[in-house]
Amino acid sequence: MKKQLKKWWPSKRKLMQLYFALLFNANLKGFQTGNIYEGNTKSVCIPGLNCYSCPGAVGACPLGSLQGAYSGGHSAWFYVGGILLLYCVMFGRLICGWLCPFGLVQELLYKIKTPKVRKSPVTRALSFLKYAVLAFFVVIVPILYAIRDVPLPAFCKYICPAGTLEGGIGLLSNAVNDSYFAMLGPLFTWKFLLMVSILVGCVFVFRLFCRFVCPLGALYGLFNRISLFGVTVDEPKCTHCNLCVGHCKMDIRKVGDAECIGCGECVDVCPTNAIHFKHVKPKTSSGDTLPETVKGHKTARLITRSIAVVLMLAVLGGAVTYYWTADTQPPVEQGNEIGDRCYSAQLNILHGDGITEESVDPSAEGRITIINFWGTWCTPCVNELPYFDQIATDYADSVSVIAVHTQMIVDTAPDYIGKYYPDSRITFASDLENEGYYAALGGRGTYPYTVVLDENGVIQNIFVEALHYEDLQQAVEALM
């Protein structure tokens with residue numbers, strides 16, 4: 001009976017993985033409300049791979065923060081880089097084995113009883129792929145876009161399965177976010193299929209994503225040899241029997257190299273007790289650790305562990321309570337500056353037949369919205385309108401384009417729309433009396449004038465100039 005219970009009871013490492021998965025996603029209220037926590041702790045990077053957009057996430061993803069820091073100036077780069085360097089030097093890939101929520105997901109999937117793909121020279125060769133992913137998608141592409149002042153977290157946008165699972169599926173699974181389905185397009189389809197492929201692959205291949213793709217693991221692995229914590233070998237005791245390498249499911253060449261996640265399973269199979277965790281006394285030949293040779297030390301160790309468990313549970317309980325009672329989304333003030341919530345207004349819609357009784361509120365579209373203030377009398381406005389029309393077509397599933405004509409000779413607008421844009425996806429509207437909406441959003445007599453909102457109606461870009469297609473595309477892609 002005791003053996004059966006031990007078989008089904010999770011290991012200490014599994015319990016630690018579960019603990020940190022809960023701690024990093026302690027905003028349980030987010031799963032109920034369908035909202036993302038945006039409080040102060042979101043500015044701190046957690047060690048493992050956990051999506052910022054997960055409804056439960058209380059911290060930032062280190063990879064997403066690193067890619068965003070390229071466009072955030074020196075202070076952002078030093079802040080994020082400093083935190084990541086601290087994690088690297090302190091723990092190395094021990095984080096992958098003990099603290100990463102997505103690592104836990106992969107290991108649980110691998111427990112499903114199916115034929116397994118064992119490691120081989122092929123898997124060892126594939127383990128180098130993650131370094132290419134790190135170099136290209138986390139460093140080169142984001143930096144190239146940052147030089148053009150257009151942030152692009154390439155890995156998060158095109159690859160990260162944790163983001164799709166925790167952020168995408170996490171938000172879409174809540175009924176309050178049903179409107180998000182209208183924003184889905186080819187990019188989400190690609191990421192969803194990639195996520196499913198990786199998760200299915202993890203059933204047959206141990207930690208498939210971690211071993212072959214994850215750039216965070218690649219970065220941490222570079223510091224495994226010098227990290228303060230991890231697994232090490234007492235060389236005088238080692239007989240080089242390679243039982244440790246053969247037993248390990250990762251593609252290690254030796255204990256503690258860049259592929260080692262510090263799980264500690266090799267400690268138990270070493271016949272000479274040569275392997276141990278750094279700063280932990282190795283076992284004696286009898287199998288007992290040195291401190292346990294005295295009964296009093298055993299009691300002290302039990303008391304210490306009990307206190308640690310109580311403190312950890314208290315921290316988790318306190319975190320869940322705090323985030324349950326905290327404001328998950330601090331109120332955003334209305335205004336006409338970047339970061340303000342856009343003013344609402346009911347604008348009459350224009351058709352080729354004239355001004356209608358229908359109305360549109362640009363601030364309440366529930367998706368990315370481009371508001372363009374224009375006039376038929378304004379040559380730059382007329383010249384840039386085809387670019388807005390093309391954006392409205394290319395991003396029809398996720399972007400609303402609202403062209404607001406000034407009150408100045410507004411009577412000419414219907415004929416112009418009917419002649420040049422009879423089937424356009426642009427929503428044409430008329431400004432309020434005395435250009436009220438234009439003035440409310442910060443217009444000061446200059447046309448064209450364009451304001452870009454995110455799906456929450458918050459102002460993200462303001463353009464006091466004529467735009468080209470590439471300008472609009474970059475603004476849209478940055479928000480998507």
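Note: hydrogens, waters and symmetry copies are ignored here, and every other heavy atom, side chains too, is used.
When ring centroids are compared, Phe91 and Tyr87 stay outside the 6.0 Å threshold. Aromatic rings from Phe20 and Trp98 are positioned such that their centres are separated by 6.0 Å or more. Remark: aromatic rings of Tyr323 and Tyr37 are close, center separation under 6.0 Å.
Ile275 places none of its side-chain heavy atoms less than 4.5 Å from the side chain of Thr232. Within the 4.5 Å cutoff, the side chain of Arg207 has no heavy atoms near those of the Lys249 side chain. Side chains of Leu85 and Leu219 form no contact here, defined as non-hydrogen atoms less than 4.5 Å apart. Between Pro161 and Phe209 there is a side-chain heavy-atom pair separated by less than 4.5 Å. Trp324 has its side chain out of reach of Asn27: every pair of non-hydrogen atoms, C-beta onward, lies at least 4.5 Å apart. Between Phe463 and Asn372, every side-chain heavy-atom pair lies at or beyond the 4.5 Å cut-off.
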### Message
Test side-chain contact (heavy atoms from CB on, under 4.5 Å) on His247 and Cys266; report intermediate values, then the result.
### Response
CA-CA 7 Å; His247 179 78; Cys266 54; 5.7 Å; no

### Task
Decide yes or no on salt bridge (charged side-chain N to carboxylate O under 4.0 Å, His left out) for Glu259 and Arg124, but give the supporting numbers first.
CA-CA 9 Å; Glu259 298 304 314; Arg124 286 193 174 121; over 6 Å; no

### Test side-chain hydrogen bond (donor to acceptor under 3.5 Å, both in side chains) applied to Lys191 and Thr189, step by step
CA-CA 6 Å; Lys191 288 199 65 181; Thr189 301; over 6 Å; no

### Query
Ser363 and Arg341: side-chain hydrogen bond (donor to acceptor under 3.5 Å, both in side chains), yes or no, with the steps?
CA-CA 8 Å; Ser363 70; Arg341 186 158 52 86; over 6 Å; no

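Residue Glu477 comes nearest to Tyr395 through the heavy atom pair OE2-OH, 2.7 Å, listed as atom of the first residue, atom of the second, then distance. Between Asn224 and Asp257, the shortest heavy-atom distance links the atoms ND2-O, 2.6 Å. Nearest heavy atoms, Pro271 versus Leu243: CD-CD1, 3.9 Å. Counting all heavy atoms, side chain and backbone alike, Ala258 lies closest to Tyr131 at CB-OH, 3.5 Å.
Screening Cys260, Cys263, Cys210 for a side chain to side chain contact (heavy atoms under 4.5 Å, CB included) with Arg93, the sole residue that qualifies is Cys210.
To the nearest 0.5 Å, atoms CG (Asn50) and CZ (Phe24) are separated by 7.5 Å. From Thr325, atom OG1 reaches atom NZ of Lys29 across 7.0 Å, with rounding to the nearest 0.5 Å.
A donor-acceptor pair is defined here as one N or O able to donate and one able to accept, closer than 3.5 Å; no such pair exists between the side chain of Ser344 and the backbone of Cys342. Under a 3.5 Å cut-off, the side chain of Asn456 and the backbone N or O of Val458 do not form any donor-acceptor pair. With Asn336 contributing its side chain and Ala440 its backbone, the two residues share a donor-acceptor pair below 3.5 Å. Between the side chain of Lys116 and the backbone N or O of Val203, at least one donor-acceptor pair lies under 3.5 Å. A donor-acceptor contact shorter than 3.5 Å is absent between the side chain of Gln460 and the backbone of Leu479.
Enclosure of atom NZ in Lys14 by more than 12 non-hydrogen atoms of other residues, nucleotides or ligands within 6.0 angstrom is indicated. Heavy atoms of other residues, nucleotides or ligands lying less than 6.0 angstrom from CZ of Phe277 number more than 12.
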